[in-house]
Number of protein chains: 2
Amino acid sequence: MNEENKYEHTNRDKILACAQKLFYERGYDAVGVQEIVDAAGITKPTMYHYFKSKHGLLENLLDEYGNQFLGELEKEIEKDGSYEDVLRNFVYTYISVATKNKEFYLMAISLFSSARDNEAYIAAKPYLYKLLFVVQDFFRKNASKVERLVGKEDFLSISLTGVINYYLLVNFERGMSEEVLLEEHNIEDIVNQFV
Amino acid sequence: MNEENKYEHTNRDKILACAQKLFYERGYDAVGVQEIVDAAGITKPTMYHYFKSKHGLLENLLDEYGNQFLGELEKEIEKDGSYEDVLRNFVYTYISVATKNKEFYLMAISLFSSARDNEAYIAAKPYLYKLLFVVQDFFRKNASKVERLVGKEDFLSISLTGVINYYLLVNFERGMSEEVLLEEHNIEDIVNQFV
DNA sequence: TAATTAGTATACCAATCGGTATACTACTAT
DNA sequence: ATAGTAGTATACCGATTGGTATACTAATTA
């Protein structure tokens, strides 16, 4: 009945997009519901109709934006090639997807590092593990190609995720552009640490 | 007149200690001033007497606890030895100091990853850079011993900090103890990535 | 056509937010 | 002795917090 792209300009999507931007700029706790609905040009009951609470809004945000992010990373694991090649592609894709969704990505990193008993951390925790599992899957599939790395899959996934996250965090803070972040010598620096 | 350790049980220190604990548990924005002063067993005007605002409280907290943390790391840079030896000691000291001040350390990591325009991030930013500079100093002094690493000091410092931070974040989350975190094979895994 | 449902707004709630005006006490310095 | 200062409490401030009761409209379904 409706193949049209209605789904792009609904109030629900406007709320998600505005919440994402505000959470990125100032953080989940610092942004009030009123501010979100003002930015989206609607009123509170509309937000509480779609998402049952502020917490529910964050959960939906993480679910829709986050799984899209992880999906793109998972596709990269399927590909075949030498360890160094697939690693290089994986790192490139990770940074590429992260920079393309810079605001969501930084928001997610912030949530992953939030305080233990913070409401936002509790919502983000499953995705922190999902990301870790995706990177672990990558190493479980490919580390077997290099004897020295066998058995180190857990550490390697923590280490790679840590390096890339901090690399992006610091260099976004420095105002570095997507193109520079993806330059060959920068990718190569990261790759070289894992060969 | 007073060589005694008065300075450990003053209201000021009680406020700092309680704020640190609460910020660690639930985050700066999620914790109200009232809750802090209740935990410290005093009232608001006392807090506003010592620190001019909630923001000022955080600044003092970072200044006193943070500089102590960085000081212990800086001492390690002075020491001499082969690249691999000083690196191993540096990593060991970093993790050791971080685990001994686990609550403060996790709070700091959380602040470093906070949203750009968040009040807490603005207070933490100088210390994010200070930490980066300390690690950079380490590599500027020692990377010269290994030709392959010369010129990579900036990347190396980001990378090492990223690995250790994420290593501690994930393994604290997993409930891993200080002893395990400092086990030789775990330290060696990290060190091996930087030789 | 009648009944139901999804979506939205007006107007409100108690509770909490960060912060302060005022006044008191206890100590210090003159 | 007296003036000043540091520290502390009672009681309050306006603003904002997350959330909702009620009512309306527009579209769908029976």
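Here is the naming used below: chain letters follow the sequence lines, and residue numbers restart at 1 for every chain.
- Rounded to whole angstrom, the span from the CG atom of B:L22 across to the C1' atom of C:dC17 amounts to 16 Å.
- Between the CD atom of B:E35 and the P atom of C:dA15 there is a distance of 17 Å, rounded to whole Å.
- Shown here are the side chain to side chain donor-acceptor pair (under 3.5 Å) partners of A:T93, two or more places apart in sequence or in another chain: A:E76.
- Regarding B:E119, its CD atom lies at a distance of 13 Å from the C1' atom of C:dG19, rounded to whole Å.
- In this structure, the CG atom of B:D29 is 14 Å from the C1' atom of D:dT16, given to the nearest Å.
- If you take OH of B:Y28 and C1' of C:dG18, they are 9 Å apart, rounded to a whole angstrom.
- Residue pairs meeting the ring-ring contact (aromatic ring centres under 6.0 Å, His included) criterion with at least one member in residues 124-159 of chain A, sequence neighbours excluded: A:F90-A:F138.
- Residues that satisfy the side chain to side chain donor-acceptor pair (under 3.5 Å) test with A:E64, not counting sequence neighbours, are A:R12.
- Atom CG of A:D13 and atom P of C:dG7 are 12 Å apart (whole Å).
- Evaluation of the side chain to side chain donor-acceptor pair (under 3.5 Å) rule for A:N142 yields A:K145 as partners, not counting sequence neighbours.
- Near DNA chain D, meaning a heavy atom under 4.0 Å from it, residues 36-61 of chain A has A:K44, A:P45, A:Y48, A:S53, A:K54 in order of number.
- Dashed line: the shortest gap from a side-chain N or O of A:N11 to OP1 or OP2 of C:dT8 is under 4.0 Å.
- At whole-Å resolution of the value, CD in B:Q34 and C1' in D:dT17 are 15 Å apart.
- The aromatic rings of A:F69 and A:Y94 sit perpendicular, their planes meeting at an angle over 60°, well past the 30° parallel limit.
- Identified under the salt bridge (Lys or Arg N to Asp or Glu O under 4.0 Å) test for residues 185-195 of chain B, with sequence neighbours left out: A:K152-B:D189, B:R88-B:E188.
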